Novice: 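Before I ask anything, let me first share the structure, which is written out below as structure tokens.
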Number of protein chains: 2
Amino acid sequence: MPKPDLDRIDRNILALLQQDGRMANSDLSQRVGLSPSPCLRRVKALEETGVIRNYVALVDPAAVDLSVSVFVSVTLERQVEERLDAFEAAVVRWPEVLECYLMTGEADYLLRVVVPDLAAYERFLKDHLTRVPGVASIKSSFALKQVRYNTALPLGHLAD
Amino acid sequence: MPKPDLDRIDRNILALLQQDGRMANSDLSQRVGLSPSPCLRRVKALEETGVIRNYVALVDPAAVDLSVSVFVSVTLERQVEERLDAFEAAVVRWPEVLECYLMTGEADYLLRVVVPDLAAYERFLKDHLTRVPGVASIKSSFALKQVRYNTALPLGHLAD
DNA sequence: TCCGAAATTGGTATGATCTGCCAAAATCAG
DNA sequence: CTGATTTTGGCAGATCATACCAATTTCGGA
């Protein structure tokens, strides 16, 4: 999956589609100063090369009663590769884990878990996280409020 | 902005659009067992009531050279409301801050900052974060790898 | 149980949009 | 300057979104 260099127009397209993934190609082409045909071709190329991973709808967590975010620091017993892979394989199977990062420092992993309430989080700990072999320590921090949640990568600063 | 109750079909629509925000309404209607007309009407209603916040394209961070995620724990001097508001107002103006949460426990805020490299993160600290009045302490943790990044809220478990 | 109002659904016609092609223009190397 | 490659713009056919209307279903009150 080669990722060729992106010129000014490509980055402009990405910036706009990051804000509105359903923007009509006719609108998009106007904003980037192209006619619809080459604009659509660039978008398709960005999709096929994997620069654009996918398009999604963002849902209000409160509207579906999923407004509790928990950040979980997980330390494994020993950082042998096998253990890491097993943990990561488990993580991707749990839909409650929206994000997971392998971290520097003392904690090995940082997870963001989304649940409807604390009871559901307890169930997640008991039924899933603590059952993975090799988990040495778990530290939970709760988010009181989502001040900002943005999916758009900051492309502005590298505008030619 | 009232958020009326969502039935099985609505949640099904949300689950599908969270996976593919550009799915054609004709496809969507088939999958949820409806004809195109009422299906589109439901989608529009979900948009207008704010259940669907927006549609976005997700971009591969590596393809645009933004593969460094830094988690920043920020403590303010005193948690007076005025200070919190000022900090939050600053945060939403910085495009590098993709996420920001008000946390329980010792640290007041947890931020996820996305930058191209460590030098850019240094600049972010020096030029922006440390200049906000009231910031008492800053602790940075670096992500070595993004194991999982999902934007779809887990709706499966509440399927009727 | 029955009735009637309200909400939801399915179908259709219209307009907009996407898509694949071809020629023209621009870009680049030699 | 020339020729090849890449990118662009416009056009035609197909697909899709949208706005209506009639038919069906749902639900509360009698």
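Source: prediction; values computed, not measured. Lettering follows sequence order; numbering is per chain, from 1.
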Novice: Grab the CG-C1' distance between A:D5 and D:dT7 for me, whole Å please.
Specialist: 16 Å
Novice: Hey, can you tell me if B:Y101 and A:F71 have their rings parallel, tilted or perpendicular (30° and 60° cut-offs)?
Specialist: perpendicular
Novice: Taking OP1 and OP2 of C:dT19, is either one under 4.0 Å from a side-chain nitrogen or oxygen of A:K44?
Specialist: yes
Novice: Quick check: closest heavy atoms across A:D117 and A:V68, and the distance to 0.1 Å?
Specialist: CA-CG2, 4.1 Å
Novice: Does D:dT8 have OP1 or OP2 sitting under 4.0 Å from an N or O in the side chain of A:R42?
Specialist: yes
Novice: Determine whether the aromatic ring centres of residues A:Y109 and A:F87 are separated by less than 6.0 angstrom.
Specialist: yes
Novice: Grab the CD-P distance between A:Q30 and C:dT17 for me, whole Å please.
Specialist: 10 Å
Novice: Can a donor-acceptor pair be found between the side chains of B:E96 and B:Y121 at a distance below 3.5 Å?
Specialist: no
Novice: Measure up the B:H128 and B:W94 rings against each other and bin them: parallel (under 30°), tilted (30 to 60°), perpendicular (over 60°).
Specialist: tilted
Novice: Would you kindly give the CG-to-C1' distance between A:D10 and D:dT6, to the nearest whole Å?
Specialist: 14 Å
Novice: Heavy atoms under 4.0 Å, any strand shown: does A:S26 hit a base, just sugar-phosphate, or nothing?
Specialist: sugar-phosphate
Novice: D:dT7 C1' sits how many Å from A:I9 CD1, rounded?
Specialist: 10 Å
Novice: Between A:M23 and A:R41, name the one whose nearest nucleotide on DNA chain C is closer to the 5' end.
Specialist: A:M23
Novice: Rounded to whole angstroms, how far apart are CZ on A:R8 and P on D:dT7?
Specialist: 15 Å
Novice: Measure CG/B:N25 against C1'/D:dT18 and give the value in whole Å, please.
Specialist: 10 Å
Novice: Where the side chain of B:A24 is concerned, which of D:dA17, C:dC18, D:dG9 is the nearest nucleotide?
Specialist: D:dA17
Novice: Looking across every strand, which nucleic acid part, if any, lies under 4.0 Å from B:L34 by heavy atom: base, sugar-phosphate, or nothing?
Specialist: sugar-phosphate
Novice: Just how far, in rounded Å, is C1' of C:dC18 from CG of A:L40?
Specialist: 7 Å
Novice: Please give, in whole Å, the distance from C:dC18 P to A:L28 CG?
Specialist: 9 Å
